[in-house]
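All ligand and atom numbering here is 1-based and tracks the order in the structure. A quick note: this is a predicted structure, and the numbers were derived from the prediction, not measured.
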Amino acid sequence: MEKSIKTVRKIKTALGGLMILTTALSGMSAPVLAGQGGLILSDPILRVIIVSRPAAGYFSLENTGATTRVLVGAASPVCKKAMLHQSKMINGVIKMLPINELPIKPGARLEFAPGGYHVMCMHPEKDIKSKTSVPLTLKFRNGDTLTGDFTVKGAR
Ligand SMILES: [Cu+2]
């Protein structure tokens, strides 16, 4: 019994170290997905408030590589169409602007978060709320793609 408790403690310590490393890398908690050329995707979520309305994809994307990467689009089998959008206050009204390309310089981190950049998932699949996570692919100008497992979340 005593031995198993010690083992558990050791595992917890090891996990704690891993969490600290993950936190240091992403500034947030796991999950973290590393893609081509040093791209690191963390905390991907898809916010689904009402299935009949578009869902919004949020994440953090860090470029640890040596070259600028350009995000040009998104796609998911659970969205009829997925687009890159930016919410912006224009004359006191929040508007959503389409984004065609979004460069991420070496060492930079791009935040897709409420009130700013988001992936707009048009006509999400009807049973989307029954899923815990869905695949969503980020597309880059050089042809690379990065597919994350986006956690499905409802209204806060
Ligand atoms: Cu939008």
Original post:
What N, O or S atom of His118 is found closest to the Cu ion (ligand 1)?
Top reply: NE2

Original post:
Taking the Cu ion (ligand 1) as the vertex, what is the angle from SD of Met96 to ND1 of His85, given to 10 degrees?
Top reply: 120°

Original post:
Would Met83 count as a contact for the Cu ion (ligand 1), in the sense that one of its N, O or S atoms lies under 2.8 Å from it?
Top reply: no

Subject >> 2.8 Å cut-off met by an N, O or S atom of Met120 to the Cu ion (ligand 1) >> reply: yes

Original post:
Within the distance-only criterion (no hydrogens, no angle test), does the side chain of Lys80 pair as donor or acceptor with the backbone N or O of Glu125 below 3.5 angstrom?
Top reply: no

**OP:** Sort out for me which residue in Leu146, Leu41, Leu46 forms a side chain to side chain contact (heavy atoms under 4.5 Å, CB included) with Phe59.
**Re:** Leu41

Subject >> Heavy-atom side-chain contact between Val70 and Leu102 under 4.5 Å >> reply: no

Original post:
Just by distance, with hydrogens left out, do Ser60 and Asp43 show a side-chain donor and acceptor under 3.5 Å apart?
Top reply: no

